[in-house]
Amino acid sequence: MCTNKKYTLSDEIVDYINECLSKEHPESYLIAILHKVQGIYGFLSEIHLDEVAHLLQVPTANVYGVATFYHYFRLKPRGQFAISVCMGTACFVKGADSVLTSFKSELGIDMGETTSDGLFSLEGTRCIGVCALAPVVTINDRVYSNVVSQQVSQILNEIKAAERV
Amino acid sequence: MPEILKKYGKIKETLDYASTDVKSTGITVIQVGSATCENAAGAEAVKFEFQKLINASGRDNIVIKQTGCTGRCSQEPIVGVFAPDNFPVKYKQVTVDKVAEIFQSHVLGGTPVVSLMLDKNTNIIYDHIITFCETNYEKRPDHLELSELFQERLAHHGISNERVRVLKGGNIGLSRFEDDDQHAVMIVFPENVIYRYETVEAMDEIIKEHIIDKTINQKYLIHTEKLTEEYMKFYGDVSFFNKQSRITLRNCGIIDPENITDYIHAQGFKALALILEKNDPEWIINEILDSGLRGRGGGGFPVGAKWRNTRTLKQDPIKYVICNADEGDPGAFMDRSALEGDPFSIIEGMTIGAFSMGASKGYLYIRAEYPLAIARIENAIKIAREYGFLGKDILGSGFDFDLEIRLGAGAFVCGEETALIHSIEGLRGQPRIRPPYPSLSGLWGHPTCINNVETWANIPPIIIYGAEWFNRIGTVGSKGTKVFALAGKVKNTGLIEVPMGTTLREVIFDIGGGVFGDNQFKAVQTGGPSGGCIPEHLIDTPIDYESLKEVGSMMGSGGMIVLDHTDCMVQTARYFLEFTQDESCGKCLPCREGTLRMLEILERITTGQAVMADLDKLYRLGNMIKKTSLCGLGQSAPNPVLSAIENFREEFEIHIKEHRCPTQKCSKLISYHVIADKCTGCTLCARRCPVLCITGGRKQVHEIIQSQCIKCGECFNVCKFDAIQKI
Ligand SMILES: Cc1cc2nc3c(=O)[nH]c(=O)nc-3n(C[C@H](O)[C@H](O)[C@H](O)COP(=O)(O)O)c2cc1C
Ligand code: SF4
Ligand code: SF4
Ligand code: SF4
Ligand code: FES
Ligand code: FES
């Protein structure tokens, strides 16, 4: 095995994986590692998956299998502002679909897509546990509650305005 | 020699509790909730604003306390102002602009701001608010409700109902020594005293002394160290809260979840010290068995039996306990709230369980979508270790136990126990055939006990108050309380906890305040994607594992979603099936392919392309999937559909035979039209239509080209003049 391999993964992650290797059942930390990688890079690229497999010494196929099994992991980058519309039951019942429709038509993209300027991406999530304030939308870390479709353009405009300054 | 209890006592002594305790003289506590809901509603900024004002006032006897939540989500952010000998005042929807008024008028000036108070229907400031424990009144010979009787007596003494407010509460939660069928209990605010009495004469004595002479009646006064006392003292004067009985959520909204001092003063880790002192694992397991506690994660398996199996089935030096905090039911948030509001109690419950089963390592499997819950439990684990409640040689007992957090990654099936184990092992979360059950062969092949968050949180009180006490709460087959996440079309959305046996009606109408906007109640969905919809005529069903199963639903983990007459049952069924279909792990054929075929049929029904034979096919297919699927996901996936067909068959038939959706929710079965009289020609709809199928110039009546319309509803949503109608 080549020992001088230079990784594109940050030192922080490489160190973390090495730390995992010193624990019992190192391969069980795979999901935790992928969370860390996605936390830093925003998504899981092919090269990063490869490097994780190499460092953790598990087959790339396994890493890829795990990365594709769980909805939380993304294999594509998302926009600077990641819009997730909750599609959980409470939000569904309170009209999440019309909120989603508004986002789609305002942004001109479908679920899972990113606007051409890379500013917004749109996705659905499954319940973030704020069901009592449904419908709920999160944009990056900010939670918008009791959203109605008429509000959508205003929300987007505010973000765009804040971006311009 | 009670060494361990002594050590526990010593730790407790070293903690400085008085400085933040309302009961210490002169201290005013401003309590701001801090859980995901509150933060979404802006609680952080409110807390910051109060802190600014406190600093500016230069007072050092006003403290801010952060707590978890009380579950009153729709009224968040809720702020409590607690001063000794004053009513515990709770303010609702406190935004930053209201902070100054509350601070000036109430905190500094002593005059509550009535208009902002929670659940305040009048402007009257009462002398007293009295909450009655009304759980046993059916057993009284005269069937008279105590609160009514009391009001009669008040009138008899000439006391106006403008001075004293009388509330009907739920079970105040006394321990077995105080709670029997003869005695009744009331709690009087603002003095926060509890009276226990037997006769009408006693009521009269209490009225004379307490209400008229303004002294505390010593004869009927009781002091308890009981579970829900703190909760009732803070929240017992509000109807939404006092109909509940809080065991699982006993500390949520009362203590600071990031502060071990608060937890220990709420009897935290006492149960752990007790069992370590007793050093008898069998005793613990028997106690849990006798309590009748059943798993709160959905299945309702007796907890004691699972623990006994894990302890005895296999001699293995390595055993594990796991807390299932995957909370996959979309629309439920009980576990999140418990983790955010009282993380230490889950740690304590798990440690007690581990001791009884001989496990020295535990895992908390939490879904990644709950960042605050993860942070709170991480923090709690760290602190518990520092104080010696986790780690090596816990409290000097020689018992070692530690916890590790593992994150989920958004797969519903990982809530299933064998899939969860695979996920912790770092694999794809696919279930496997049981047996062997995890209690025999679980994590890395070792005996493993998996319980739900709520289940673990129930352990410490059972140890402290005893199996017999717990056994008295609830119904014959379902003991204790259950937490529900009330959401959907209900007025008071939020988190509630009620004794088993409470009816759905009581939960939705008495606590939940009925249907939102006074729409008509249609059904309530329990059990999430594995459960079903319960129609109106079954709403008096008591909440317990068996009764809910009998009406075609299930207890589930506690999601409760209220539907009103504008909700389409076919759509609701399709929603759940789409969910389970998407979440099916694909390992076995009936679930992977069967749910897809079912979904296709439902798709046909909602688009007007189905025939009546499809309904039978749906039914047969559903039952086949239930019987032949490998894991619980597939075995229960058809439930929402089957129960909808059973209870709302007519609605399905209208879709199929008349190509009509009675609630106008199925987009393919409706069409949008411009009402010429109302259209002002503002052009908004034409600009927003994604397929540009609306014609008409400025100030002209617009028209929709029906053949091109994709029925997205955008025009209907955006028109400011109600000029678009759905038919
Ligand atoms: C598809 C599926 C999803 C589940 N999701 C959860 C869950 O999110 N939380 C949970 O506690 N139990 C869930 N369960 C139940 C668990 O398999 C297991 O029975 C439970 O965690 C045992 O704990 P308890 O006995 O304390 O309820 C799920 C089961 C199935 C089949
Ligand atoms: S029933 Fe569904 S989720 Fe369960 S193992 Fe089979 S395919 Fe997977
Ligand atoms: S939005 Fe309404 S009022 Fe404006 S053009 Fe369309 S239908 Fe007419
Ligand atoms: S429903 Fe959608 S597609 Fe049809 S006219 Fe309205 S905006 Fe256009
Ligand atoms: S259903 Fe949307 S937050 Fe729970
Ligand atoms: S306020 Fe805590 S769960 Fe909503």
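Not measured: the values here are computed from a predicted model. In what follows, chains are A, B, ... by sequence order, proteins preceding strands, each numbered from 1.
- If you take CG on B/L427 and CD1 on A/I31, they are separated by 7.5 Å, rounding to the nearest 0.5 Å.
- Between chain A and the options B/G528, B/A373, B/A368, the largest number of non-hydrogen pairs under 4.5 Å is found for B/A368.
- Only the side chain of B/C414 comes within less than 4.5 Å of a heavy atom of chain A; its backbone N, CA, C and O stay farther away.
- Atom OH of A/Y16 is surrounded by more than 12 heavy atoms from other residues, nucleotides or ligands within 6.0 Å.
- Residue contact with chain A, scored on non-hydrogen atoms closer than 4.5 Å, involves the side chain of B/F576 exclusively.
- With sequence neighbours left out, the side-chain contact (heavy atoms from CB on, under 4.5 Å) criterion links B/I374 to B/I366, B/E378, B/L407.
- Going from atom CZ of B/R367 over to atom SG of A/C127 covers 5.5 Å, rounded to the nearest 0.5 Å.
- Within 6.0 Å of atom OH in A/Y41, more than 12 heavy atoms from other residues, nucleotides or ligands are found, so the atom counts as buried in its surroundings.
- Taking a 6.0 Å sphere around CD of A/E163, one finds it holds more than 12 heavy atoms contributed by other residues, nucleotides or ligands.
- Within 6.0 Å of CG on A/D110 lie more than 12 heavy atoms contributed by other residues, nucleotides or ligands.
- Both the backbone and the side chain of A/E27 come within contact range of chain B, with heavy atoms under 4.5 Å apart.
- Of the listed residues (A/A90, A/S145, A/A134), the greatest number of heavy-atom pairs within a distance under 4.5 Å of chain B belongs to A/A90.
- Across B/G713, B/G429, B/C689, the residue that shares the most heavy-atom pairs under 4.5 angstrom with chain A is B/G429.
- Shown here for B/G410 and A/Y72, the closest heavy-atom pair between the two residues is N-CB, 4.0 Å.
- Taking a 6.0 Å sphere around CD1 of A/I40, one finds it holds more than 12 heavy atoms contributed by other residues, nucleotides or ligands.
- The minimum heavy-atom distance linking B/Y320 with A/H25 is given by the pair OH-NE2, 4.3 Å.
- Of all the listed residues (A/S102, A/A32, A/C86), the one sharing the greatest number of non-hydrogen pairs under 4.5 Å with chain B is A/S102.
- There is no contact between B/A485 and chain A, counting heavy-atom distances below 4.5 Å.
- Across all their heavy atoms, A/Y70 and B/A409 have their closest contact at CB-O, 3.2 Å.
- Remark: side-chain polar atoms of A/Y144 are not paired, donor with acceptor, to backbone N or O of B/A40 under 3.5 angstrom.
- The contact between A/T101 and chain B is made by backbone and side chain atoms together, counting heavy-atom distances below 4.5 Å.
- Residue A/T138 does not touch chain B at all, counting heavy-atom pairs closer than 4.5 Å.
- Highest contact tally toward chain A, considering only B/G71, B/G328, B/S423, is held by B/S423 [criterion: heavy-atom pairs under 4.5 Å].
- Atom CE of B/M560 and atom OG1 of A/T89 lie 14.0 Å apart (nearest 0.5 Å).
- Atom NZ of A/K76 sits in a sparse spot, with 12 or fewer heavy atoms from other residues, nucleotides or ligands closer than 6.0 Å.
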> Checking side chain to side chain contact (heavy atoms under 4.5 Å, CB included) for the pair A/F69/B/V413: CA distance, chi angles, key distance, verdict?
Replying inline: CA-CA 11 Å; A/F69 181 83; B/V413 71; 4.0 Å; yes

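- Across A/V66, A/L30, A/V143, A/L34, the residue that shares the most heavy-atom pairs under 4.5 angstrom with chain B is A/V66.
- Residue contact with chain A, scored on non-hydrogen atoms closer than 4.5 Å, involves the side chain of B/E404 exclusively.
- Residues passing the side chain to side chain donor-acceptor pair (under 3.5 Å) test with A/K36, sequence neighbours excluded: none.
- Other residues, nucleotides and ligands contribute more than 12 heavy atoms inside 6.0 Å of the NZ atom of A/K23.
- A heavy-atom distance below 4.5 Å is found between the side chains of A/Y29 and B/R406.
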> Do A/C131 and B/T493 pass the side chain to side chain contact (heavy atoms under 4.5 Å, CB included) test, and can you show the C-alpha distance, the side-chain angles, and the key distance before you say yes or no?
Replying inline: CA-CA 8 Å; A/C131 325; B/T493 52; over 6 Å; no

> Can you check side chain to side chain contact (heavy atoms under 4.5 Å, CB included) on A/N62 and B/R428, steps first, answer last?
Replying inline: CA-CA 8 Å; A/N62 286 15; B/R428 290 163 70 96; over 6 Å; no

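- Within the model, atoms CD of B/E369 and OG1 of A/T125 stand 7.5 Å from one another, a figure rounded to the nearest 0.5 Å.
- Closest of all the heavy-atom pairs between A/G88 and B/P330 is CA-CB, 3.7 Å.
- Two residues are said to be in side-chain contact when any heavy atoms from C-beta on lie closer than 4.5 Å; A/V93 and B/L563 meet this criterion.
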>> With side chain to side chain contact (heavy atoms under 4.5 Å, CB included) as the criterion, how do A/S98 and B/F716 come out once you've worked through the C-alpha distance, each side chain's angles and the decisive distance to 0.1 Å?
In response: CA-CA 10 Å; A/S98 80; B/F716 181 82; over 6 Å; no

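- Comment: A/R126 engages B/D582 in a salt bridge, judged by a side-chain N to carboxylate O separation of less than 4.0 angstrom.
- In this structure, B/C37 and A/L133 approach most closely via the heavy-atom pair O-CD1, 3.8 Å.
- The choice from B/A332, B/A41, B/G586 that makes the most heavy-atom pairs within less than 4.5 Å of chain A is B/A332.
- Side-chain contact between B/E583 and A/H71: present, with at least one pair of heavy atoms (C-beta onward) separated by less than 4.5 Å.
- A distance of 10.5 Å separates CG of B/D567 from NZ of A/K94, quoted to the nearest 0.5 Å.
- Heavy atoms of other residues, nucleotides or ligands lying less than 6.0 angstrom from NZ of B/K668 number 12 at most.
- Atom CD of A/E106 is separated from atom CD of B/E714 by 7.0 Å, given to the nearest 0.5 angstrom.
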